[in-house]
Amino acid sequence: TQLLEQSPQFLSIQEGENLTVYCNSSSVFSSLQWYRQEPGEGPVLLVTVVTGGEVKKLKRLTFQFGDARKDSSLHITAAQPGDTGLYLCAGARGSQGNLIFGKGTKLSVKP
Amino acid sequence: ETGVTQSPTHLIKTRGQQVTLRCSSQSGHNTVSWYQQALGQGPQFIFQYYREEENGRGNFPPRFSGLQFPNYSSELNVNALELDDSALYLCASSRMSSGVRETQYFGPGTRLLVL
């Protein structure tokens, strides 16, 4: 059983379109992180959300943490080919909690 | 770049062999975590080392073992390799202070293929 479910698993869109990726769980996390991973490389941290209901923006990316701290979403506005990659969400439990990752959403943005 | 380096970048082994992977943590970091990422999956936590001692372990058998050195670099050892051990092995370094771990930074990974 996957503790963190990400959807969709794959997403192929045209440049300029908007998209939302979801990360859902039945468990509560003390924080949730979003990473982007390119082939052959390690995940790169995009954002950490800590407070229920929190919204963070990073240029065209908007991250939201659910009120109950069980789910999160990543919205990309006007996607660009450079946004292509694997987007991973990861939940942490407690201050020393190790990260539990979802399977990821593989995004392809075509010019 | 995160400042976390891993070696080797790629490795091919056969079933039953043993392998050692290495990780140099970012300057100022005292904690290293190791993850296994199979193809099409998210990373799975193997274990974590803090001040040269293992202080957390995921659901991996004892043939997965590790070390952390005084300079906080780390090794992951896997004995009796199985085909399912083929994966990208990631290390992540972070700073633990007053019982709170700060952001983890990942290295580029070692791609292991077991034939």
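Below, chain A is the first sequence line, B the second, and so on; all start at residue 1.
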Spell out the residues in residues 78-95 of chain B that have some non-hydrogen atom less than 4.5 Å away from a non-hydrogen atom of chain A, in order of number; otherwise answer 'none'.
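So the qualifying residues are L88(B), L90(B).
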
Would you please go through residues 69-76 of chain B and name the residues with a non-hydrogen atom below 4.5 Å from one of chain A, in numerical order?
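No residue falls under the 4.5 Å cut-off.
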
OH/Y105(B) to CG/L45(A) distance, rounded to the nearest 0.5 angstrom?
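Y105(B) OH to L45(A) CG: 7.0 Å, rounded to 0.5 Å.
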
For the atom pair CD (Q37(B)) and CZ (F101(A)), what is the distance rounded to the nearest 0.5 Å?
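Output value for this atom pair is 8.0 Å.
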
Residues of residues 71-88 of chain A under 4.5 Å from chain B (heavy atom pairs)?
L86(A), L88(A)

Answer yes or no: does atom [atom1] of [X] have more than 12 heavy-atom neighbours from other residues, nucleotides or ligands under 6.0 Å?
X	atom1	value
R60(A)	CZ	yes
K106(A)	NZ	no
R63(B)	CZ	yes

Is [Y] reachable from [X] through a run of I, L, V, M, F, W or Y residues, each pair having side-chain heavy atoms under 4.5 Å apart?
X	Y	value
Y22(A)	L4(A)	no
L67(B)	F47(B)	no
F60(B)	V19(B)	yes
L61(A)	V47(A)	yes
W34(B)	V44(A)	no

Report the residues that fulfil salt bridge (charged side-chain N to carboxylate O under 4.0 Å, His left out) with R69(A), sequence neighbours left out, ordered by chain and then residue number.
none

Is any side-chain heavy atom of F106(B) less than 4.5 Å from a side-chain heavy atom of Y35(A)?
yes

For the residue pair Q33(A) and Q104(B), establish whether any side-chain heavy-atom pair is separated by less than 4.5 Å.
no

Is Q6(B) in contact with chain A via its backbone, its side chain, both, or neither, using a 4.5 Å heavy-atom distance?
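Looking at Q6(B), nothing touches chain A.
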
Can you tell me which portion of Y35(B) sits under 4.5 Å from chain A's heavy atoms? Options are side chain, backbone, both or neither.
side chain

